[in-house]
Amino acid sequence: MASSSEIREKLRKKRRGLQDSLVKNKNDDDAQALVPSAKFKVDKQPTAMKNAEGNDEDPGETLRRTLRAQRQRRKKTLLEQSLVQECHDAEGVSIAQGCSANEGSSHRADDSVISTRPPTGSQRDLSVRSEHSSSSKHLDAFVTKHLQEKLKAARSKGESLQQQEASAASTKPVSRLKRLKNRDTVTRFDSEVDPVSAGRHEDPLSLRSRVKFREAARKVGKDVPTAEETYNFFTYNHEPDQPSQLDRISRKRQRRREKVEEDRDEDGQAEAEVEEDAEAEEDNQNQNECQSEEAPLVRNEDDLFVIDHSPKDFVEVKKAEYVAYRKRIQRDRELLFTPSFQTVPTSIKLPENMKPRFLEDEGFYVGDRPPISLTNENILENRILKMAEGNKWFGDDGKIIALPDPIKESSTRPPLFHVEGELDPALQTVHRKPFKSKYANMYIAGAADPEGDYQLDVDVSGMIFSHHPLFSREHVLASRLAQLYDQYLSRQHNNLTGHLTDKLNGLRNALRNMVKIHGEQGSSEALQQRISEYSLEVRSTRQLRDTEQEKDRTLLKSIIKVWKEVKSLREFQKFTNTPFKLYLRRENIDRVLDEREYEGEILAEVLEMEAESEEEYQKKLAEYKKQLEDWKLWKKKQKAKRKKKKKKKKGQAQDDTEEEEDQDGSESDEPFEEGPVKPKPPDRPDVDSMEQWVREKASRIRRKPGEPILVPELSASGSITSSELCPRAEIARREDVSRRSLFIKIFYNYKEVSRTDSRSLSTDFRAHFGQIFNLKILNCPQSINLQVFEEIGSSCSLLAQVFVPVPDPSIVTGSAPMEEFEFSSNQRVMFDHEGVGSDVPLSFEPDGSNKLTLLTSGKLSCCVSWGIGEEGVPLAPPVSQQPGATHSGRGHLDAVSYIGASGLYDMKKIGEWATQSRLDPNDPKNTSIMQLLKVASSGEVTAPDYFRLEHLQEEFNFVTDEEIERSKRFRLLSLRNQEAPEFRYYKFVPLLEREISDKVFQDYEKRLKDGEIIDTREHLDPHRALVAKYLQKIRESVINRFILAKHYYQLSDLVIEEEIPSIGSEQLQTRPAPVIQNRSASWNVSLPIRMRILGINLFKLAESKRPLKPQRKERKKVTAQNLSDGDIKLLINVIRAHNIPIRKPQSNKPGQSSQSAIQGSDWYLSQVQVRPFVEVSFQRTVLQTTTAEGPNPSWNEELQLPFSAPNGDYSTASLQSVKEEVFINIFDEVLYETGPSDKERTTSIHTQIEKHWLGSVKIPFSTIYSQSKIDGAFKVNTPAVLLGYSREHGSNSVYDHWRSTHGGMFIRLFITIEPQLVPGESVREKIKEVQFESQEAERLLQASERFVKDAAESYPDRPCITTVTDLSGKTVFITRYIRPLNPPQEFLDAFPNNPQEATTLVARFVSLIPSLPDQVSFSGTCDLWSTCDQFLTLLAGDEEEHAVLLCNYFLFLGKKAWLIIGTAIPEGPTAYVLTHEQSGYFIWNPCSGQFYDKDDTFCPLQTVGCLVNSDNVWYNIQENPSPLSTNFDITKANMWKPFFSRSFSHPGLSSVQPEELIYRHTDRAAAAELQDRVEKILKEKIMEWRPRHPTRWNRYCNSTLKQFLPKLELGRGQDVAEGHRLELQNLLGDYRIAGFPLHLPFSEIRPIIEAVHSTGVHHIHSSNVEFALAVYVHPYPNNVLSVWVYLASLVRT
Amino acid sequence: METTVFLLTVNGQIEGANFPDYDNLYCKYCYVYGHDWAPTTGLEEGITQIASKSIQSHRLIWNFPLETTFKSTNPSGWPQLVVSVYGPDVFGNDVVRGYGATHIPFTPGQHTRTIPMFVPEPTWRLQSWLLGWRPEYTDPKVVAQGEGREVTRVRSQGFVTVCFHIMTKDMKKMGYDTGPSTPSTVQSASSGWSTEVESYAK
């Protein structure tokens, strides 16, 4: 650092040099400053600064600091502005203050009074500096030196400056004041200051200044200038080179400068300090929100960056301005608000005219207010009152509203906001897997609630060692003695001997009595039995008594023996270790009496034994006799043998001996050498020896008569030899004993819960604890374990463990007896002193024999029981909640006791056992059992007399099964789950039972009931009724099969993914762009259409924006899930029609032919030929187009029909099963003039509109749904005869008469559904996946799969079928269906010479079989192919069945015929038949019976997919699949791809068709009956449809029409009846007739009614209309019925 | 007869997602529920704005509100929230970035669920980047059901965080107690809720 003089020198030089420029600059600044007060001050302060800085800093440093200063300045500006603003807000002093800074030094003088405050700040600054380093010490010294030097110089020199500076500072202090005020709240600053300031030499000064300030603040009248002077002086001092430094900022800067000098690193810290200040300032700023922050910031922007400003910051010397103190005070008052300390009167705090209300006095609870000092409260209240709406802070009692206790009881942790990556790794949450606590599941239920705690009392009373390593020999003996004595005592207590003796005497008496009473009368059998039983009993009792007596005797003997041993040991070792003494008390008794008793006893015993032995002897004797008999018998046999032998040998001597032997055998019992041993006769019992034996025994086990009874008494009253008198070894032992102490740890569930106090081991090896531990438990008790520890000095060792069983809940404290638990330890312990040790062989014999090994053992006396709470409630968990107990001591799981059914033992068995074992009821041991039996027999506890396998099941049943079955809700839920059709889509199964009405099940139950019964009325035909039933069954089985299949998913069902394009294929171009199907349109997202390959989009650019021929665009498809009623509309675009029949001339004059009318060309011009319109009806909604004119009208109209799905269910399956059809009817609108009279004709014309049905097209909804759109020309079904209409004919084909219909009507339609629905998933695919069992060879199936897959890949729009599913659900190869089959013979017979006729007949027959789409019948599940015989039996099938049958017939007729699998309108994928004649190929529609030439443009077949015959399947690989351009020559390999080729030849598949079809003749009578019924029903219906009009039937016309119908049938619908029509016209000349015959195959009555209804004949409301209706049913074989309905309306003209 | 129902109000929001590798994603949600459930008010399905990440945070924020009330007679088929996240791939194709589902919480109160997301895997690996096409579920609701899922393979992909505020009405009255299980809180919670629910009912 440069020396001070040097610095000063430089400083002066610079100051002088810069003074001029500064003055100028200052003026500039003043003009320039926006906030002049700030500017003014700021300008000056760097001036001082520069003086200081100029000394030793390089220009760069200067610049840096300048910039910093400017930043500082900017802050200040902000601050001041805010302050000013605040003043405005708070005080309302406003403008005066605002301009005060700007204007006058006089004002500033006032301010300077307040500027005396800053010392606090200065002190802080200094102290902060002092913190930094010790290196500042020398600086301090330097400063001090200058301080002294400068004192005088500064006074004189600074005087002038000071005034100026004071004024400069005058604005600043305000802000500082504010800051300080702020700081008051932030106590951190103060605390920071105080400790640091201690020991500083400036301290007293600063303190004083602070005190002064306070005085100044309080007492305005004091001599302020002194204070200010002091202050200034100090600021001066610690910056000697800055004599005029007053401001906080300058100080700060100075400090920073110092820091730079000292330690540059601290710069940052200083800055931080500044930041803090800035923050404090900003707090201020935030308080006044009106203040715009931006303006000053922007203003100062240039200050920040323009470095040129630095020169102007330089010193300006100016006279100090003095502001009068009073003025300052005044200003101060205007600016500042000091809340008073005075108590605010209550009246101010309350609204006017209100008295304080004290809730507490009124009895309400008012919590304690938080403690707050009165002064602070007053300040707070005063402050609040100054605020706007301050009153609302006060309650009714005039106090500040306060919560009772604002302090939270529990500490809360501020939530850790998870900020990724920013969290300290140590604070990162560590996730651990939860692990199951071993006992976690053993909590006693309900233990958590406070009242349900359980308490286990463990009472450890004490312990006795029966052996301890420290036992001396005497101890060993003494303990044995004690044990024996204990045994003796317990035996005495039980007194078994006495008990048995009594029993014996009783038995004897009883026996004696019995013998005495019954003896004379002669013993009966039963008595004998009883006596023998008794004697048996007596004997066993006696034996028992004898053993007991012997035990007593030996015990007594051994006690005495041990005692003798003890005595001898004591004598031997010359000291006594144990206090035991045995006394033997003699009880003298009367010798004579005793002897008599003794003898009597012996006598009785002997007698008994005699009797017993006698009895035994008798028994033995009897046995002997029996054996002897046996022996004799055997002997005789033997003898006989011998004799024979003897005779042979004739040995004399032998004879003799045998004689002798024989004699011997008879006389005495001699052993016999051969055969069974000759039995010995039993010895007679020896009475004498018996008596001898009894006496011996008696002397052994009983005391001798007259001998006194010895009663041992063991006392511990003996004295123990004191240690001094003992030998060394013994002393060592005793010392060892005294060193040891014992304690017991209590383990609950393997956790130590408590331990007893340590008790020293007494010399008698007992320890008394007498402690009771109350265990409050939460876990189920599982084990209670007491561990005995022995402590030697500081080390302790485990001696033994004692497991205590968990007590029953019934065992409660108080009633539980102490129990002794034995324990032992197998530790080996040896001592070198008298202690015998443990597990060490020990002998008491002098020779060391008879060794015994003793282990440490003992008894622990303790008691575990459940505590008793207040009111004597046991604190035991209930039995049912004590599963842990079952794991504990008892160690087995008692499931019965688990559920609280404990104690249910089989009472009967126990009872039986008790009687069998002759339990002595008097025996105290048996009391409990007896008690139990008594209770059991009284019937209180009944044991179940049955056995249950799952005897606990009932416990877990919610309700009984009956109740579940009765529950309607449960039933509803389970039915829905089973997908029963009625409940499949049932929503909102009611929550409560009572809300389910019984009606819900009615339908279902009815269906179940009616399942078997098919309503014959519906079917009108018993055969069809049967068929319907059969069909129903098939349907059910198929549906069940497919419900299974439906739940079988494959990837494509769940995931949409683009298939891999095979390179080189044209798929990308041919396939439509993928449309995102899975997002429902209701989300209304325009999703960017995927461009799979960027290039594709380029083509789109080439497309014209508005093409001349617009194409229909692919629409977004909608899954049917989120649809509801009204969402779906059917769009039908009726475009145009062709060949509509035209009216015949109106003039119905008889005889006038139609030809003539047509020929009249003028008629053509004058008359409208026809005015057709189209009416579309669907689901009873009818819409119609406008009326067009002419036979080839063009409507081009779009009709929208709403669609509603059955039951509001828009699922795919449901939509597929919609059976309804769209009827498109073409009518002619006819206007009739019905002028009432000719007179009025001139004035008014009454016209009547009639519509005449011309024809109809019906399209099933299922077709539209599955096709999603139908576009094309449809042939209109026209009646064979249209009365009043005619159409042109003309064709020259082979089938001339058939061609006539070709000239018939066509209508061009476009039908679709809006929005486009996703058609049901192709079920056919699904079946293949499900792969029903098949009898086809695996190879064939694979080949067919491959074939179909290849076909689908190359031409996806051409159907290809190789395998189909038959009615039993098996997969069958398609060619098996094709086989020549005989048509009904009558067809062949009808036209024997005309094969063409036969062909048409056959086709007609096939077409008459009703068509029923599989989709409908099997609810959209699958396409099943029935064989021809099945088809003819079912009389229903779709196109495939028809086609197969027709094809088979044609083959029979010798034609070349194939099945065409293709697509047609409107059916979609379908089957047609192709025949090859000489004249070319013909395509037959099997359902209509019509055929088309291959080149016929009106052929409904659109694409030809493949051809099938019995040999092969050919797939069409031609460019254009339409039949027009298809070459049907199947031999051409480049056009048709055969399935069976040379590489895979036909394996010779047999047909599934029968060899021959057998036809039944239809009952004509039945047909006639049906005819009548149909007619009747139709008439009723028509009348029903005309509810407001009378319906008159023209009988005459009826009968006439009826005659026509058979002819029509004969002509097969051909227009053969022109003549008849004329006839009709003739007959009914007065009538205007409109009518037509309808022709239908018969299936049910309903379609007929629908067809009639759709013609709208009943709509004619003219008053004089009459109707005619005729029905004809023509029977064909096998119940195939052709129904004709002739309808006509007649209006009399 | 008017059937008795209980009500479940789901408020909350789809807060955001964490997809480390993807950006500019949007999310769709819909509910899947059983036969006995019906939404009474609120949107049943919706689509969020497209969100992109900021430099600092890797989270995508949607904060998309959910407000739906269901009525029901049967807790079976409890509503599930199905979310699916979409976003552009490198070629700008809109592809799926994740499917996920979670049950609406049973207990009243606030819940936050982080739903792990997954996407079906293509059968051919290269497919996804060759064609810019990711396989999608035919219906996002597939992820809320168990049937047929065994045929798909999926890959996990990020998380979506959803926050729920659940209110129920009449559940307890109907005998379904979904309150918290700890006994100490049961009392306070149940009483609090029941009173609140009662007032809501009036």
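Convention: sequence-line order gives letters A, B, ...; per-chain numbering from 1.
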> Is F970(A) atom CZ crowded by more than 12 heavy atoms from other residues, nucleotides or ligands, each under 6.0 Å away?
Replying inline: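 Check fails, neighbour count at 12 or below.
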
>> Looking at chain A, which one of G34(B), A38(B), P120(B), G148(B) has the largest number of heavy-atom pairs inside 4.5 Å, strictly under?
In response: G148(B)

> Which atom names give the shortest non-hydrogen contact between S72(B) and F988(A), and what distance separates them?
Replying inline: CA-CE2, 3.8 Å

> When rounded to the nearest 0.5 angstrom, what is the spacing between OG1 in T73(B) and CD1 in I996(A)?
Replying inline: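 Going from the OG1 atom of T73(B) to the CD1 atom of I996(A) covers 9.0 Å.
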
> Do L991(A) and D36(B) have side-chain heavy atoms sitting under 4.5 Å apart?
Replying inline: no

